[in-house]
Every structure is written in C-alpha cells, then in structure tokens.
> 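Mind having a look at this structure? Questions to follow.
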Amino acid sequence: MRPASMTLIAMVCLLLLTTILHFQTTSIASEIRTNNSIARDYRERGSDDLALRK
C-alpha cells in the first residue's frame with residue numbers, strides 16, 4: 001500500500017470514530033436531561049402531596 005492510501009484509511013477511521021463519539025455524548029446528554037425532568041416532576045408532585053395531607 002502506498003502511504004497516501006493509508007492516510008486516507010486512517011482519516012476515514014477517525015471520522016467514523018468521532019461521529020460515533022458525538023452521537024454517544026448527545027444520547028447521554030439527552031438521557032441526563034430526561035432523568036432530571038423526571039426527578040423534578042417527582043419532587044414537585046411530592047411537595048404537592050405533602051401540602052394536601054396537611
């Protein structure tokens with residue numbers, strides 16, 4: 001193989017890896033936002049339930 005073709009293969013592999021990493025971090029960030037929303041809703045409901053019991 002010539003060095004130019006090896007460089008091209010390496011660049012394609014790096015592009016693929018960075019694309020996968022980008023989608024993984026985006027997915028994790030979305031999951032964290034969802035979990036925070038669920039926790040906030042639970043806290044708000046919990047405080048409403050306590051207000052109704054008093």
> Determine, step by step, whether Arg40 and Asn36 satisfy the side chain to side chain contact (heavy atoms under 4.5 Å, CB included) criterion, reporting the C-alpha distance in whole Å, the side-chain angles of both residues, the deciding distance to 0.1 Å, and the verdict.
CA-CA 6 Å; Arg40 184 184 62 240; Asn36 286 341; 5.7 Å; no
> Can you list the other members of the hydrophobic cluster that holds Ile28, where links are side-chain heavy atoms under 4.5 angstrom apart?
Ile32
> Which pairs of donor and acceptor atoms, one on a side chain in residues 17-25, lie under 3.5 Å apart (sequence neighbours left out)?
{"from": "Thr18", "atom 1": "OG1", "to": "Leu14", "atom 2": "O", "distance (Å)": "3.0"}
{"from": "Thr18", "atom 1": "OG1", "to": "Leu15", "atom 2": "O", "distance (Å)": "2.9"}
{"from": "Thr19", "atom 1": "OG1", "to": "Leu15", "atom 2": "O", "distance (Å)": "2.7"}
{"from": "Thr25", "atom 1": "OG1", "to": "Leu21", "atom 2": "O", "distance (Å)": "3.1"}
{"from": "Thr25", "atom 1": "OG1", "to": "His22", "atom 2": "O", "distance (Å)": "2.9"}

